[in-house]
Number of protein chains: 2
Amino acid sequence: MNKEDQVIEGFRELYNKLAWLNKSKMEIALKGHKPSEVHCIEYIGKHADANVTKLAERFYMTRSAISKIAKKLMEKGLIESYQRPENKKEIYFKLTEQGEAVSRIHEELHNAFRERDKAVFEQVTEAQYDSMLRFVERYSSHLEAEIKKHGVERSAETDD
Amino acid sequence: MNKEDQVIEGFRELYNKLAWLNKSKMEIALKGHKPSEVHCIEYIGKHADANVTKLAERFYMTRSAISKIAKKLMEKGLIESYQRPENKKEIYFKLTEQGEAVSRIHEELHNAFRERDKAVFEQVTEAQYDSMLRFVERYSSHLEAEIKKHGVERSAETDD
DNA sequence: CGATCTTTGTTGACGAGGAAACAAAATCGC
DNA sequence: GCGATTTTGTTTCCTCGTCAACAAAGATCG
């Protein structure tokens, strides 16, 4: 296997491990709330006027899925919806006090993960950070361009 | 946001984009086969005596899920199972000729992805590869250790 | 050897998310 | 302004993967 594949495979593996491990911890600390629910809470907490469409785009999920999650979060009393008088179509979300509490727990957990992995990151030099960030940035915008292209293809093949 | 979080967030974002984009392409090229089915085919093709348990560990999935995927792959005639006379419990899998064909298509697609992203990787120096691989390796084994620890915790809380 | 525990694989019920069809509001084109 | 199209959100149906319970075959230990 060449280095290119090693990097991709390595990061994929790393990502899976990290997701799996953190998910387990999350489940314990945020019992009763699904990971995707917590993600939505976090986004809503950080972005004013979040709505179903924005959340869907952010998490690469369908509006359908987000709609259901939002419904559940409202039933739990973690978020509430509001509208603007000038727009009766879009429905925005904001956190309730209870939602803020969950958000804070999540933030603390995030810090705990950082603390847990501190030893690894302490060994990373500034130059390495910059190198990796440049790589991520370059690869990401490359894929973004491909997704745009692909989007065009998709709309041209709606009837296949 | 500090560089540590930027790197993690950046790679998460990158990973999501890559997965989303490749999944779309896969769906077109390997119509009729789900991503997880293709993953299993690939593993079975590359590892002699693959069984449900090994596949589950490899993909961080439950034996239950793999069992169902294997069942489907057998119904499709892409894999076949065999046993050893000295062990009547374990069930191993191998690809059929048809399964090999799917595996080859997948391999070609993999090459196509590499070709698509070549421009990005051409700009990466040997030193950068090594730096990233060291990072992945270090982080990965750190998490591996944490998972082991966590595994111990888990078996101690089976009755919660 | 025989009883108990562990490992391996399967099944059924369930929950999460996607696809498609839909309603309602906004926007565009004239 | 008015019809056609687009955008936004919801609901229904379906598939995938998990969890729990289970059966069957090893492994362990007296």
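Proteins get letters first, then strands, A, B, ... in listed order; numbering begins at 1 in each. Side chains included, hydrogens not; waters and symmetry mates left out as well; all remaining heavy atoms used.
The aromatic rings of Phe135(B) and Phe11(A) sit tilted relative to each other, their planes meeting at an angle between 30° and 60°.
Rounded to whole angstrom, the span from the OH atom of Tyr92(A) across to the P atom of dT8(D) amounts to 9 Å. Straight-line distance from the CZ atom of Phe59(B) to the P atom of dC16(D): 16 Å, rounded to whole Å. Atom CD in Glu86(A) sits roughly 16 Å away from atom P in dA25(C) (whole-Å rounding). Taking atom CG of Asp49(A) as the reference point, atom C1' of dG9(D) lies 17 Å away to the nearest angstrom. In this structure, CE of Met61(A) is placed 15 Å from C1' of dT10(D), rounded to the nearest angstrom. Taking atom CG on Asn51(A) and atom P on dT7(D), their separation rounds to 14 Å, with Å as the unit. The CG atom of Leu55(A) sits 13 Å away from the P atom of dG18(C) (whole-angstrom rounding). To the nearest angstrom, P of dG9(C) lies 9 Å from CD of Gln83(B).
Using a cutoff of 4.0 Å between basic side-chain nitrogens and carboxylate oxygens, Glu97(B) and Arg104(B) are scored as salt-bridged. Here Lys68(B) does not pair with Glu37(B) in a salt bridge; the nearest charged N to carboxylate O distance is not below 4.0 Å. Look at Glu75(A) and Lys72(A) and you find no salt bridge, because none of the NZ, NE, NH1 or NH2 atoms lies under 4.0 Å from a carboxylate O. Under a 4.0 Å N-O distance rule, the pair Asp5(A)/Arg114(B) qualifies as a salt bridge.
Comparing dA24(D), dA20(D), dG18(C) by their nearest atom to the side chain of Ser64(A) picks out dG18(C). Side-chain proximity of Glu90(A) to dT10(C), dA24(D), dT8(D): nearest is dT8(D).
Residues from residues 67-76 of chain B lying near DNA chain C, meaning a heavy-atom separation below 4.0 Å, are Ser67(B), Lys68(B), Lys71(B) in numerical order.
The nearest pair of heavy atoms linking Gly77(B) to Gln98(B) is O-OE1, 3.4 Å.
Put simply, Lys34(A) has no side-chain N or O that comes within less than 4.0 Å of OP1 or OP2 on dG15(C). A close approach under 4.0 Å does occur between a side-chain nitrogen or oxygen of Ser36(A) and OP1 or OP2 of dG17(C).
Counting non-hydrogen atoms under 4.0 angstrom, Ala65(B) reaches a base of the nucleic acid. Here Thr53(A) lies in heavy-atom contact (under 4.0 Å) with sugar-phosphate atoms only.
Cluster note: Tyr92(A) groups with Tyr82(A) through ILVMFWY side-chain heavy atoms spaced under 4.5 Å, whether in direct contact or through intervening members.
Of the possible polar contacts, none joining the Ser81(A) side chain to the Phe93(A) backbone as a donor-acceptor pair under 3.5 Å is found.
Counting heavy-atom neighbours within 6.0 Å of Lys94(B) NZ, excluding the residue itself, gives a total of 12 or less.
An end-to-end axis angle of 30° holds for the helix from dC1(C)-dG30(D) to dC30(C)-dG1(D), taken from five base pairs per end and rounded to 10°.
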